[in-house]
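Nothing here was measured: the structure is a model prediction, and the numbers come from that model. Each ligand, and each atom within it, is numbered from 1 in the order the structure gives. The residues of the chain are indexed from 1 along the displayed sequence.
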Amino acid sequence: MDRFSSASATRMQDDPDDPGRRDGGENLPERQTGLLLKPRPKTGKPNMYKVLLLNDDYTPMEFVVHILERFFNKNRQEATDIMLHVHRRGVGVCGIFTFEVAETKVAQVMDFARANEQPLQCMMEKE
Ligand code: TYC
């Protein structure tokens with residue numbers, strides 16, 4: 001990466017709901033700081049995001065339980081409870097994470113569902 005791009009670009013993993021939290025270059029070595037943004041260490045609480053699963057009529061229950069075990073570190077009972085909640089109510093929370101982690105979880109679930117030809121939908125929502 002060249003020395004101008006990291007301070008000026010809005011990177012995919014920056015939280016769009018907190019522009020001030022972008023990495024303004026504070027982690028670059030001293031000699032590279034051709035800064036366009038003022039260095040500002042991240043302090044205080046980050047925005048948090050719920051990762052949600054949506055119900056559908058096609059994805060097998062066992063597949064959803066597997067997703068919750070594999071990507072959200074739920075045990076079998078917790079995963080089954082969340083899956084049944086989504087099945088009955090239409091939507092449910094898998095976990096609450098910082099922006100970057102939530103974005104990664106959503107991508108992992110959507111990729112895995114697509115790879116297994118399931119219509120399962122996963123999304124994130126600001127807390
Ligand atoms: N409704 C699905 C079925 O009856 C199960 C299901 C649960 C699907 C949760 C998606 O997020 C979901 N097979």
Check your understanding: Should the ring pair Phe112 and Phe63 be called parallel, tilted or perpendicular, given that the plane angle runs from 0 to 90° and is split at 30 and 60?
Key -> parallel

Check your understanding: Which pairs, with at least one residue in residues 112-127 and sequence neighbours excluded, count as a salt bridge (Lys or Arg N to Asp or Glu O under 4.0 Å)?
Key -> Lys50-Glu125, Asp111-Arg114

Review point. If you round to the nearest 0.5 Å, how far is CE of Met83 from NZ of Lys74?
Key: 14.5 Å

Study note, to complete from the structure: When rounded to the nearest 0.5 Å, the distance separating SG of Cys94 from CG of Leu53 is 3.5 Å

Check your understanding: With a 3.5 Å cut-off and no angle check, do the side chains of Asp15 and Asn47 form a donor-acceptor pair?
Key -> yes

Any protein N or O within less than 3.5 Å of an N or O in ligand 1? List each pair with its distance, or say none.
{"residue": "ligand 1", "atom": "1 (N)", "partner": "Asn55", "partner atom": "OD1", "Å": "2.8"}
{"residue": "ligand 1", "atom": "1 (N)", "partner": "Asp56", "partner atom": "O", "Å": "2.7"}
{"residue": "ligand 1", "atom": "1 (N)", "partner": "His87", "partner atom": "ND1", "Å": "2.9"}
{"residue": "ligand 1", "atom": "4 (O)", "partner": "His87", "partner atom": "ND1", "Å": "3.4"}
{"residue": "ligand 1", "atom": "11 (O)", "partner": "Leu54", "partner atom": "O", "Å": "2.8"}
{"residue": "ligand 1", "atom": "13 (N)", "partner": "Thr59", "partner atom": "O", "Å": "2.9"}

Point to revise | Pairwise distance CD1(Ile67) to OG1(Thr59) - rounded to 0.5 angstrom | key: 8.5 Å

